[in-house]
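A short worksheet on the structure shown next.
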Amino acid sequence: MKTLRVVTYNIHKGVQGLGPLRRLEIHNLSHAMELMDADVLCLQEVRKLHQREARHFPHWPQAPQADYLAPAGYEAIYRTNAITRHGEHGNALLSKWPVVQHQHEDMSDHRLEQRGLLHVELDVAGQSVHVLVVHLGLIRAGRGRQLQQLTQFIQREIPPDAPLLVAGDFNDLPAWVARQLAPAGLKAPVTKPCVTFPSRLPLVQLDHVLARGLTPVSATAPRGMSWARMSDHLPLITEWQLAAETPAC
């Protein structure tokens, strides 16, 4: 069996603080990506560009954030969810393993919140593994509809026998998320929550990784001031065992 380390992390667009007190954290986030040594990093609120912030911060990276954050040797896949006055942002996946294909689906429930689903198929030691990266809305009724759409996407696009990971900021608690995704056969790694929000005083788990066709091993959320400063969320670090594919007779 191969162990996969899968991280989900809402990076808050690489900037923390408000107004004149806001500070650029993208460089610290880049270092954190290397420290976590994940096979797959599933990121939300990732900037492709933002003209106003680029003018404000003299050390704003020239490359889109997904490319800038990818450690050496990783492949970065980014798709836009929201287009704003000064730029755009969305979900990204950074992978140690080769990307086979990827696609995006709009999940916006209403015009005030632009949301999307990023689907990436990976080749993990010769085995196909599908990963979905999501960032759900702020209204529970809308989140329920988005999870129904996610379940339909899985039924339509993912082979039923293929290993599948779904990761992201669900903006809701573990028990509710698990109930909504149980019909798709998805399960979380542990029953005890790993609190991830707010990062300075974590009280609830809004970030989740669920899987089908993989065996859960562990789930942790790092704590400490350096993590609290980088985003309003903490990363959720999970490990899963991927069974070796049985050769066809």
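Checked by atom type and distance alone, the side chain of Ser218 never pairs as donor or acceptor with a backbone atom of Thr238 at under 3.5 Å. A donor-acceptor distance shorter than 3.5 angstrom exists from the side chain of Gln149 to the backbone of Asp106, with no hydrogens or angles considered. Checked by atom type and distance alone, the side chain of Asp39 pairs as donor or acceptor with a backbone atom of Arg5 at under 3.5 Å.
Between Pro159 and His130, the closest heavy-atom pair is CD-NE2, 3.8 Å.
Close placement of the His27 and Tyr68 rings is indicated, their centers lying within 6.0 Å of each other.
Under the 4.5 Å side-chain heavy-atom criterion for ILVMFWY residues, no single connected hydrophobic cluster contains both Leu210 and Leu206. Under the 4.5 Å side-chain heavy-atom criterion for Ile, Leu, Val, Met, Phe, Trp and Tyr, Leu132 and Val7 are members of distinct hydrophobic clusters. Each of Leu236 and Trp227 belongs to its own hydrophobic cluster when Ile, Leu, Val, Met, Phe, Trp and Tyr are linked at side-chain heavy-atom distances under 4.5 angstrom. Tyr9 and Val134 fall into different hydrophobic clusters, where Ile, Leu, Val, Met, Phe, Trp and Tyr side chains are chained together by heavy-atom contacts under 4.5 Å.
Using a 4.0 Å cut-off between charged side-chain N and carboxylate O, Lys96 and Glu75 make no salt bridge. In summary, Asp172 and Arg143 engage in a salt bridge, as defined by a charged side-chain N under 4.0 Å from a carboxylate O. Under a 4.0 Å N-O distance rule, the pair Glu25/Lys13 does not qualify as a salt bridge.
For the 3.5 Å distance criterion, the side chains of Glu121 and Gln103 fail to qualify, holding no donor opposite an acceptor. A donor-acceptor pair shorter than 3.5 Å can be found between the side chains of Gln44 and Thr8. Side chains of Glu88 and Thr80: a donor on one and an acceptor on the other come within 3.5 Å.
The cationic group of Arg140 lies under 6.0 Å from the six-membered ring centre of Trp176 and within 45° of the ring axis, placing it in a cation-pi geometry.
Screening Leu41, Val46, Leu122 against Leu93 for a side-chain contact (heavy atoms from CB on, under 4.5 Å) leaves a single residue, Leu122.
In this structure, Trp60 and His50 have tilted ring planes: the angle between them lies in the 30° to 60° band. The aromatic rings of His233 and Phe197 lie tilted to each other, with the angle between the two planes from 30° to 60°.
Applying the side-chain contact (heavy atoms from CB on, under 4.5 Å) rule to Pro216 yields the partners Pro189, Trp240; only residues at least two apart in sequence or on another chain are considered.
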Requested in this report: Could you please spell out the steps behind the side-chain hydrogen bond (donor to acceptor under 3.5 Å, both in side chains) verdict for Asn81 and His104?
Outcome: CA-CA 9 Å; Asn81 291 341; His104 175 268; 3.1 Å; yes
